[in-house]
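Shown below is the structure under consideration.
As the structure is a prediction and not an experimental result, all values here were calculated from the model. Residue numbers start from 1 in every chain, and the chains themselves are labelled A, B, ... in the order their sequence lines are given, proteins ahead of strands.
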2 protein chains.
Amino acid sequence: MTAVPARSAATAPVKRAAAQPAKSDRARLSAADWERAALDLIAEQGLAAVAVEPLARRLSVTKGSFYWHFPSREALLKAALERWEKLDQETVFDQIEAIADARERLQQLFVRTSRELRSHVIYSQLLKAMDHDLVQPVIERVSTRRINYLLTGYRALGMSRRDALNRARLAYAAYVGILQLMLQQKTMRLNAEEYQVYVQHVADTLIPG
Amino acid sequence: MTAVPARSAATAPVKRAAAQPAKSDRARLSAADWERAALDLIAEQGLAAVAVEPLARRLSVTKGSFYWHFPSREALLKAALERWEKLDQETVFDQIEAIADARERLQQLFVRTSRELRSHVIYSQLLKAMDHDLVQPVIERVSTRRINYLLTGYRALGMSRRDALNRARLAYAAYVGILQLMLQQKTMRLNAEEYQVYVQHVADTLIPG
DNA sequence: GCCAGACCATACGCCAGCGTATTGACAACT
DNA sequence: AGTTGTCAATACGCTGGCGTATGGTCTGGC
């Protein structure tokens, strides 16, 4: 019986608490649980670490469970990436969009880059795996969105279109670079204050006054 | 048969022609050949792609050859990384060091980042593999050297120590970021002119004057 | 109560990559 | 000519990950 697992929420008789299923020693798993676990692994060890059997071990089950929820590893990755892209849009982006002042908004984009923010960590890891077929379009979309966001920010500050675009590129490259240099190992292990000062310097340098 | 016999008069340890051993259909391989091929693969597909058997196929031999030259895959990586670090020091760094004017020198660091420059491509790939035990110390050293280089450059332009350090970090992050964004896929596929303009913008923005 | 469906365990076949062992070929030196 | 040293082919065993097949267990609903 190779029944295709019904992944839609419609058929699920068990509603399972809407919030996190708790630490759950004995709870059964859902597809969403696997997706979340996959994103955790991506954040910690990168995309390549998302292997079915290690993931299963991590969740204290066997892959018999996995292949009920997903037809393949690829399917899991696809779902996890979708989930991240949506989540990233909500948590990181929409929050910043709420800020009125363009100058302040630009600065916040840098301030919230500390390694505590999971979504940024995942972004950085995905950037490193951009050769992967599933990853490429996702971070393509996200990056473009963000650069365009910066672009309009700079335009709002009165820069010419050409300058604004290049400044947006520069700012975004600095963002990507500092992510990579800070998150991975110790080359640039700045503590909170040092980082604070650095960000201020970046804002002063990259935001025209 | 083949014109230009590569085997000139050589003595005991067989130094083999100093230059490249040519495309060489039938020439034997040396350890250096494997190291160069490994670096090529790193540049093209990243560190993870450096596998023994694929490499052997690429060189049109079998791994029987490989394990004569190296005791393990790790040993090859180590040797290749050493070779790159040395080569990078010579080609990229020493050349720029020759430039007298601090302002011009800083700009050149950005100008020479186009994807044509192999050493930069390798650096970017290694940065993506910084979790690897052998890679981490290497790019640690290289990155530190470069940032310090920028630091002294900015100091020479009269910046305070704190500002110079932060500016160096910013500039280097921008360098790393633009590398990653340009080399990997198309998010930022700038053509030569666009890139030229961008670099000029970076220089104007990051170099005080 | 008991059946269906959701979830998981076990066991298997497959493949790619690492490393080993053995033998072969061919050059240079004696 | 024979010996030695250098480079390479072939064949093998091992591991870890993917995917399949099949059967087991728990749960809610009738």
With nearest nucleotide decided by heavy atoms, which residue, B/Glu74 or A/Gly64, maps closer to the 5′ end of DNA chain C?
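Mapping each residue to its closest nucleotide by heavy atoms, the 5'-most match is A/Gly64.
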Quick test: give all pairs of protein nitrogen or oxygen and nucleotides 15-18 of chain D nitrogen or oxygen below 3.5 Å, distance rounded to 0.1 Å.
from   : atom 1 : to      : atom 2 : distance (Å)
D/dC18 : OP1    : A/Val52 : N      : 3.4
D/dC18 : OP1    : A/Arg73 : NE     : 3.2
D/dC18 : OP2    : A/Val52 : N      : 2.7
D/dC18 : N4     : A/Lys63 : NZ     : 3.0

Aromatic ring pairing B/Tyr172/B/Tyr123, orientation class (parallel under 30°, perpendicular over 60°, tilted between)
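Plane angle over 60°, so perpendicular.
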Can you tell me how far P of D/dA8 sits from CG of B/Leu29, to the nearest Å?
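In whole Å, D/dA8 P and B/Leu29 CG are 4 Å from each other.
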Mark yes or no for whether A/Thr144, through its side chain, and A/Glu140, through its backbone, hold a donor-acceptor pair below 3.5 Å.
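Between the backbone of A/Glu140 and the side chain of A/Thr144 there is a qualifying donor-acceptor contact (under 3.5 Å).
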Considering only heavy atoms, which members of residues 38-47 of chain A lie under 4.0 Å from some atom of DNA chain D?
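Heavy-atom contacts with DNA chain D come from no residue of residues 38-47 of chain A; none.
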Within 6.0 angstrom of B/Glu104 CD, more than 12 heavy atoms from elsewhere
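Counting neighbours around CD of B/Glu104, more than 12 heavy atoms of other residues, nucleotides or ligands fall under 6.0 Å, so yes.
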Rounded off to whole Å, could you give me the CZ-to-C1' distance for the B/Arg28 and C/dG24 pair?
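Answer to the nearest Å: 11 Å.
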Can a donor-acceptor pair be found, under 3.5 Å and without considering hydrogens, that links the side chain of B/His69 to the backbone of B/Leu29?
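Judged by distance alone, yes, a pair lies under 3.5 Å.
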Of all the choices, D/dA9, D/dT6, C/dT10, which nucleotide is nearest to the side chain of B/Val61 once you look at every atom?
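So the side chain of B/Val61 is nearest to D/dA9.
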Tell me if a side-chain donor or acceptor on A/Arg189 pairs with a main-chain N or O of A/Met182 at a distance below 3.5 Å.
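It does hold such a pair.
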Electrostatic pair A/Arg28:A/Asp33 at N-O distance under 4.0 angstrom
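Looking at A/Arg28 and A/Asp33, the cut-off is not met.
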Inspect the surroundings of CZ in A/Arg145 and state if more than 12 heavy atoms from other residues, nucleotides or ligands are less than 6.0 Å away.
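Yes, the 6.0 Å shell around CZ holds more than 12 heavy atoms from other groups.
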Taking CH2 from A/Trp68 and C1' from C/dC7, how many angstroms apart are they, rounded to a whole number?
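Nearest whole value for this atom pair: 7 Å.
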Find the distance A/Phe70:CZ to C/dC8:C1' and express it as a whole number of Å.
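That distance rounds to 15 Å.
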Looking at B/His69, does any N or O in its side chain come under 4.0 Å of the phosphate oxygens OP1/OP2 on D/dT6?
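For B/His69, the contact criterion (side-chain N or O under 4.0 Å from OP1 or OP2 of D/dT6) is not met.
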Okay, side chain of A/Arg73, backbone of A/Ala51: is any donor-acceptor separation there less than 3.5 Å?
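No.
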